[in-house]
Amino acid sequence: MSMNDEVEQIILRSILKDGLDAVPQDYQFITKYDLKQIYFSKIEFSMHGIEIDIKSSTLEKLKKAIIEDASFPLLHDEYKKSGKSGVMQKLHNNETYYKTFLKCIRNGK
């Protein structure tokens, strides 16, 4: 697994945990995981002051993209070498992704 693959796995786990708020503003990622319609609907609703939570039903399909036995060795090495700042840089400076990473390396998944 490449560094990019590890980062995507962390992002997918974060989305499953936190819902659409954790989706990155990255068109390539959104397209790859077929999140365009959901993402842009959420933006449209939020512009009108309507909150939607489609975390449980719509995002369940992302579970298929998650690799269960992922130890994130490249991100873990970056953590040992550069600490939080190095990993945060790889994780798009997103605190949610960083917390998910820490939880994964502590729990081993």
Side-chain angles (χ1 to χ4, degrees):
M1 196 174 349
S2 71
M3 177 67 79
N4 190 51
D5 293 334
E6 288 187 17
V7 169
E8 284 188 4
Q9 287 294 307
I10 294 293
I11 293 170
L12 289 171
R13 285 168 167 76
S14 298
I15 293 169
L16 286 174
K17 184 172 104 3
D18 295 332
L20 292 175
D21 291 338
V23 175
Q25 294 178 351
D26 176 348
Y27 188 77
Q28 190 174 18
F29 181 90
I30 292 168
T31 303
K32 179 177 181 178
Y33 292 101
D34 196 25
L35 297 170
K36 270 193 312 195
Q37 183 178 358
I38 300 163
Y39 183 74
F40 291 116
S41 293
K42 176 159 173 57
I43 291 172
E44 183 178 347
F45 282 119
S46 67
M47 289 173 65
H48 296 288
I50 303 168
E51 281 297 315
I52 57 171
D53 182 18
I54 51 177
K55 172 166 89 171
S56 58
S57 61
T58 310
L59 300 179
E60 282 297 310
K61 66 182 177 183
L62 292 180
K63 283 187 176 181
K64 295 176 185 168
I66 289 182
I67 299 169
E68 286 301 320
D69 186 26
S71 58
F72 307 105
L74 299 175
L75 282 169
H76 204 190
D77 287 346
E78 184 67 31
Y79 183 68
K80 289 177 183 175
K81 184 174 80 174
S82 304
K84 179 180 179 177
S85 63
V87 173
M88 284 290 284
Q89 192 172 28
K90 301 290 184 192
L91 297 175
H92 312 291
N93 292 312
N94 186 303
E95 192 70 32
T96 299
Y97 302 160
Y98 180 71
K99 288 177 183 177
T100 300
F101 165 70
L102 289 179
K103 184 177 177 186
C104 288
I105 60 172
R106 286 182 185 137
N107 296 338
K109 14 174 149 174

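Quick note: numbers below take in every heavy atom, side chains included, and nothing from hydrogens, waters or symmetry partners. Numbering of residues begins at 1 and proceeds along the displayed sequence.
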A.B. asks: Quick one: does E78's side chain have a donor or acceptor within less than 3.5 Å of a partner on S85's backbone?
C.D. replies: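 No; judged by distance alone, with no hydrogens or angles, the pair does not exist.
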A.B. asks: M1 versus L74: any side-chain heavy-atom pair under 4.5 Å?
C.D. replies: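 The answer is no; the side chains never approach within 4.5 Å.
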A.B. asks: Within this structure, what is the CD-OG distance for the pair Q9 and S14, rounded to the nearest 0.5 Å?
C.D. replies: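 So the CD of Q9 and the OG of S14 are separated by 11.0 Å.
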A.B. asks: How about Q37: does its CD atom have over 12 heavy atoms from other parts shown lying under 6.0 Å from it?
C.D. replies: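 Open.
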A.B. asks: So how far is it from K32 NZ to D26 CG, rounded to the nearest 0.5 Å?
C.D. replies: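 Between atom NZ of K32 and atom CG of D26 there are 10.0 Å.
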A.B. asks: Ring-plane angle category for Y27 and F40, please: parallel below 30°, perpendicular beyond 60°, tilted otherwise.
C.D. replies: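 Taking F40 first and then Y27, their aromatic rings sit tilted (interplane angle of 30° to 60°).
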A.B. asks: Please answer: with hydrophobic residues joined when any side-chain heavy atoms are less than 4.5 Å apart, are I67 and Y33 in the same cluster?
C.D. replies: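 Different clusters: I67 never reaches Y33 through Ile, Leu, Val, Met, Phe, Trp or Tyr contacts under 4.5 Å.
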A.B. asks: Taking the side chain as every heavy atom from C-beta outward, state whether S82 and Q89 have any pair of such atoms under 4.5 Å apart.
C.D. replies: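 No - every pair of side-chain heavy atoms lies 4.5 Å or more apart.
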A.B. asks: With side chains defined as the heavy atoms from C-beta onward, is the minimum distance between K90 and E6 less than 4.5 Å?
C.D. replies: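 Heavy-atom side-chain distance check fails, nothing below 4.5 Å.
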A.B. asks: For I30 and P24, which heavy atoms make the closest approach, and how far apart are they?
C.D. replies: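 Reported closest heavy-atom pair: CD1-O, 3.6 Å.
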A.B. asks: Between H92 and I11, is there a side-chain heavy-atom distance shorter than 4.5 Å?
C.D. replies: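 Of all side-chain heavy-atom pairs linking H92 with I11, at least one is under 4.5 Å.
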A.B. asks: Could you give the distance from CG (L35) to NZ (K42), rounded to the nearest 0.5 Å?
C.D. replies: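 It comes to 13.0 Å.
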A.B. asks: Under the side-chain contact (heavy atoms from CB on, under 4.5 Å) test, which residues partner D77, sequence neighbours left out?
C.D. replies: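 In terms of side-chain contact (heavy atoms from CB on, under 4.5 Å), with neighbours along the sequence ignored, D77 is linked to no residue.
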A.B. asks: Students often mix this up, so state it plainly: with edges at 30° and 60°, are the rings of Y98 and Y79 parallel, tilted or perpendicular?
C.D. replies: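 Rings of Y98 and Y79: tilted, 30 to 60°.
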A.B. asks: Measuring from I105:CD1 to K80:NZ, what's the distance to the nearest 0.5 Å?
C.D. replies: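 Answer rounded to 0.5 Å: 9.0 Å.
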A.B. asks: At their closest point, which heavy atom of I10 faces which heavy atom of T100, and how far apart are they?
C.D. replies: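 Looks like O-CG2, 3.8 Å.
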A.B. asks: Honestly curious: do F101 and M3 fall in one hydrophobic cluster under the side-chain, below-4.5 Å linking rule?
C.D. replies: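 Result: yes, single cluster for both.
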A.B. asks: For a 4.5 angstrom cut-off between non-hydrogen side-chain atoms, does K63 reach E68?
C.D. replies: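 When only atoms from C-beta onward are counted, E68 and K63 do not touch, as no gap falls below 4.5 Å.
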A.B. asks: To the nearest 0.5 Å, how far apart are OH in Y97 and CZ in R13?
C.D. replies: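 Interatomic distance, Y97 OH to R13 CZ, rounded to 0.5 Å: 14.0 Å.
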A.B. asks: Side chain to side chain contact (heavy atoms under 4.5 Å, CB included) for F72 and V87? Distances and angles first, verdict last.
C.D. replies: CA-CA 11 Å; F72 307 105; V87 173; over 6 Å; no
A.B. asks: If you measure from OH on Y39 to CD1 on I15, what distance do you get to the nearest 0.5 Å?
C.D. replies: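 Going from OH on Y39 over to CD1 on I15, the span is 10.0 Å.
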